[in-house]
Each structure stands twice: as C-alpha cells, then as structure tokens.
Protein chains: 2
Amino acid sequence: MTAEAELLLMNASRAQLVREVIRPALSRGEIIVCDRFYDSTTAYQGYGRRLDLQNVRGIVDIAVGNTRPDLTLFLKVSPAVSEERLRSRQATMPFIRDRIEEADRAFFERVAKGYNAIAQAEPTRVKIINATGSVEEVQSAIWRVVAPLAATGGRQT
Amino acid sequence: MTAEAELLLMNASRAQLVREVIRPALSRGEIIVCDRFYDSTTAYQGYGRRLDLQNVRGIVDIAVGNTRPDLTLFLKVSPAVSEERLRSRQATMPFIRDRIEEADRAFFERVAKGYNAIAQAEPTRVKIINATGSVEEVQSAIWRVVAPLAATGGRQT
C-alpha cells in the first residue's frame, strides 16, 4: 500500500469515528480518551512515512473538523525500553504485527522525532509523560496532569 | 457513512490506483483513459455532498500528486435523458445501485452544476460533449476532440 493511501484510509476511519462516536458522546457531556488520535497521523504518516507535513495536517483537519483534543499525553520511553516491552508482550501474548509495527527502526526513530517536535510546538496541549517506570509510577504521572483538567470538565483553562 | 469518510476513502483508492497502475503505465508510454477521476471528487463530494471545495481539492491533489489529466471529457445530457437511460439499463440488465446512485435528485443537480462549473473554469482541459445523441454521434464528437491530442502523444500543446 502506498503511504498516501495509508494516510487517507487512516483518516477516513477517523472521520467516521469523530462523527459517529466521539461527537455524540461529547454532546452527552462524556470525556473521551483515545489511544492515538490527532497527532499520530502527523507522527506516523508525516514524519514516519515522510509525507509533506502541511498536506498531512490538512487531511487530519478535514477528518476531525473542530473536534480537537484538549489534552494529549505523550508517553515517552527510550527505543531500548520500547523494544524490550514489545518483546516481553510478544512472549507472553503472541500477536501478529500490523504494517506499522513491522516498519524498521529508522521509521520509529522518525516517528519519535515527530512526537517530540509536536510536544515542543504545543507544550500547553501536549504533556510529556516519562513512561520508563512501573505502571503505578506512569499512572501517577498521568494523574498529576489529568486531575486539574478533570476538575474543569475537560477543557484547558 | 459520513461525507468526509466517503471523500477520504474515494481518494485512498485513487492514491493507490495512481501509484500502482497509472504512473507505471504512463512511464511505459501508454495512454490512460479513466471513467471518473480527477474532477469527479470535486463534483460528487464537493458540490454533491457540499463539502468545502478547497478542502476537497487539497485531498485530490494529495491523492493524484502531479498525475493530472491532460484532457477531460464531460459527457453532458439532460436529467430527463439520464434518468431514461438509467431506467432502460435497469430493465435490460438489473443492477444494485450503490450509495452514490441512490442519492436523490437534488444531489445529482448539484453534481451537474459542479461539472458545469469545472468545465467553465478550465475550458482548455475540460471539453463538453453533447451526449444526447446515438452512440455513434457521441463517439464522433469525442473523436473530434481526442484526435488532435492523440497526434501529440496525449499532451495538450
């Protein structure tokens, strides 16, 4: 599959998800937590697949419209820790890698660089969480960032 | 399906077609004839589904890159003739209508308006063919437009 087709398919799925699931839930007053959303396309298809960043952002904007995240948590670990976690997950619960997970190390280095650039460009929205520690430690770090927002109903103030 | 997801899916398919089929054929020196391509998204998803025209064109540009048609033939008939032809085709060779073909008459009027606007904006590339007559008449009208181009290997001069 070409990088352009991958970009457009990912965002077709996202466009449908936003209108069918996320917006109705938001209008019921619910808080939405997504695992990969707004910034992932910029990181994976823009930085990772090396597609033009402005084109990529234009497509994401069409897919999400004005439904943008109020807060993004960037769970950051070193490549070595990431690979070790993937290996131990594979050992205890084997899974088939998808086309993204099968990409080479240079791809993931570009993706990581992309997430870092996004976090630097929007420090208010994107919070970097050190994810090297235990589940409990990461959970605490996340809660320190989320708690103030939860108090305001999800909107940054 | 939402209009945005339809737009992105159509263009994911087109992005793949351009890179997997059309560009290799062009580089072998072949002439490509497509039934609906570059302008159809503007007409159907832009004018028909009423998505922002600039957004629609941006997505088409990403899907096709610099692989744009040298010549577009707009086969024009009145809505009455179009409906009559659809009815007779349905009678002799029944087919299941897809989600576009099932849209209402107002949708097709907007699409036709879109094609007219495109033809007016780019009269050199887009040629209007009166498609009301017999197959032979339409064929002759098409050939009159195509013959000069075929002599130059497909490129407008």
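All values reported here derive from a predicted model rather than from experimental measurement. Convention: sequence-line order gives letters A, B, ...; per-chain numbering from 1.
By the 6.0 Å contact criterion, CD on A:Glu83 is enclosed, its count of non-hydrogen atoms from other residues, nucleotides or ligands being greater than 12. For CZ of A:Arg50, the number of neighbouring non-hydrogen atoms (other residues, nucleotides, ligands) closer than 6.0 Å is 12 at most.
Scanning all heavy atoms of the two residues, the minimum distance from B:Ala12 to A:Ala5 falls at O-CB, 3.6 Å.
Hydrophobic clustering (ILVMFWY, side-chain heavy atoms < 4.5 Å, transitive): A:Leu26 and A:Tyr38 are in one cluster. With hydrophobic clusters built from ILVMFWY side chains whose heavy atoms lie under 4.5 angstrom apart, A:Val135 does not share a cluster with A:Leu75. Hydrophobic clustering (ILVMFWY, side-chain heavy atoms < 4.5 Å, transitive): A:Tyr44 and A:Phe74 are in one cluster.
Between chain B and the residues A:Asp61, A:Leu17, A:Ile59, A:Val56, the largest count of heavy-atom pairs under 4.5 Å involves A:Ile59.
How far CD1 of B:Ile62 is from CG of A:Asp52: 7.5 Å, rounded to the nearest 0.5 Å. The CD atom of A:Glu20 sits 10.5 Å away from atom CE of B:Met1, with the distance rounded to the nearest 0.5 Å.
Side-chain contact check for B:Leu8 versus A:Leu9: every heavy-atom pair is 4.5 Å or farther apart.
Between the A:Gln16 side chain and the B:Thr2 main chain, a donor and an acceptor come within less than 3.5 Å of each other.
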